[in-house]
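Before any comments, here is the structure.
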Amino acid sequence: MSTKTTTRPPDTRAVRRRVSLADRIALRVGMSLIIWSRRTRRVRPVIDHGTLLQLERERQQRENDLLLQAALMRAWR
């Protein structure tokens with residue numbers, strides 16, 4: 001394997017393309033939004049106990065339905 005690519009310095013004569021002003025502004029705004037969103041603390045919404053129990057019952061019902069459907073498909077085969 002040739003080592004020319006690893007020992008050769010980078011080509012400084014390469015054509016440098018200018019980045020448009022709109023792209024630079026978009027990049028700066030995007031990075032600012034990412035940094036801001038990571039710095040802000042998210043407050044978790046308060047879920048009352050009744051809603052939590054209802055969500056758990058619905059999840060359990062869906063799981064039971066899927067298990068029943070799988071068992072019926074197995075028996076049908």
Side-chain angles (χ1 to χ4, degrees):
M1 182 170 137
S2 174
T3 57
K4 286 182 183 178
T5 57
T6 58
T7 58
R8 184 177 59 203
D11 188 14
T12 56
R13 295 171 297 158
V15 178
R16 291 187 172 207
R17 289 183 288 169
R18 303 274 308 166
V19 179
S20 70
L21 178 63
D23 286 342
R24 281 187 279 167
I25 292 172
L27 181 63
R28 179 150 314 180
V29 168
M31 290 301 294
S32 299
L33 286 173
I34 290 171
I35 292 168
W36 177 81
S37 69
R38 288 177 181 250
R39 285 185 182 170
T40 56
R41 295 187 178 176
R42 294 188 177 102
V43 178
R44 300 186 96 185
V46 178
I47 299 177
D48 61 321
H49 193 65
T51 305
L52 196 60
L53 287 175
Q54 179 183 355
L55 291 172
E56 181 63 28
R57 278 195 302 268
E58 289 173 359
R59 187 191 63 78
Q60 187 66 38
Q61 183 62 41
R62 282 194 306 272
E63 189 176 311
N64 289 341
D65 290 345
L66 285 172
L67 288 174
L68 180 62
Q69 186 178 9
L72 289 173
M73 290 300 290
R74 224 176 282 124
W76 180 74
R77 271 208 251 157

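Heavy-atom basis, side chains included; hydrogens, waters and symmetry copies ignored.
One distance of note links CD of Gln60 with CG of Leu53; it measures 12.5 Å at 0.5 Å rounding. Atoms CZ and CG, from Arg59 and Leu55 in turn, are 10.5 Å apart once rounded to the nearest 0.5 Å.
For the pair Ile34 and Arg38, the minimum side-chain heavy-atom distance is below 4.5 Å. Side-chain contact between Asp23 and Leu27 is absent, with no heavy atoms from C-beta onward closer than 4.5 Å.
A donor-acceptor contact closer than 3.5 angstrom links the side chains of Asp65 and Gln61.
Judged as a salt bridge (Lys or Arg N to Asp or Glu O under 4.0 Å), and not counting sequence neighbours, Glu58 has no contacts.
Applying the side chain to side chain contact (heavy atoms under 4.5 Å, CB included) test between Leu68 and each of Leu72, Leu66, Asn64 identifies Leu72 as the sole match.
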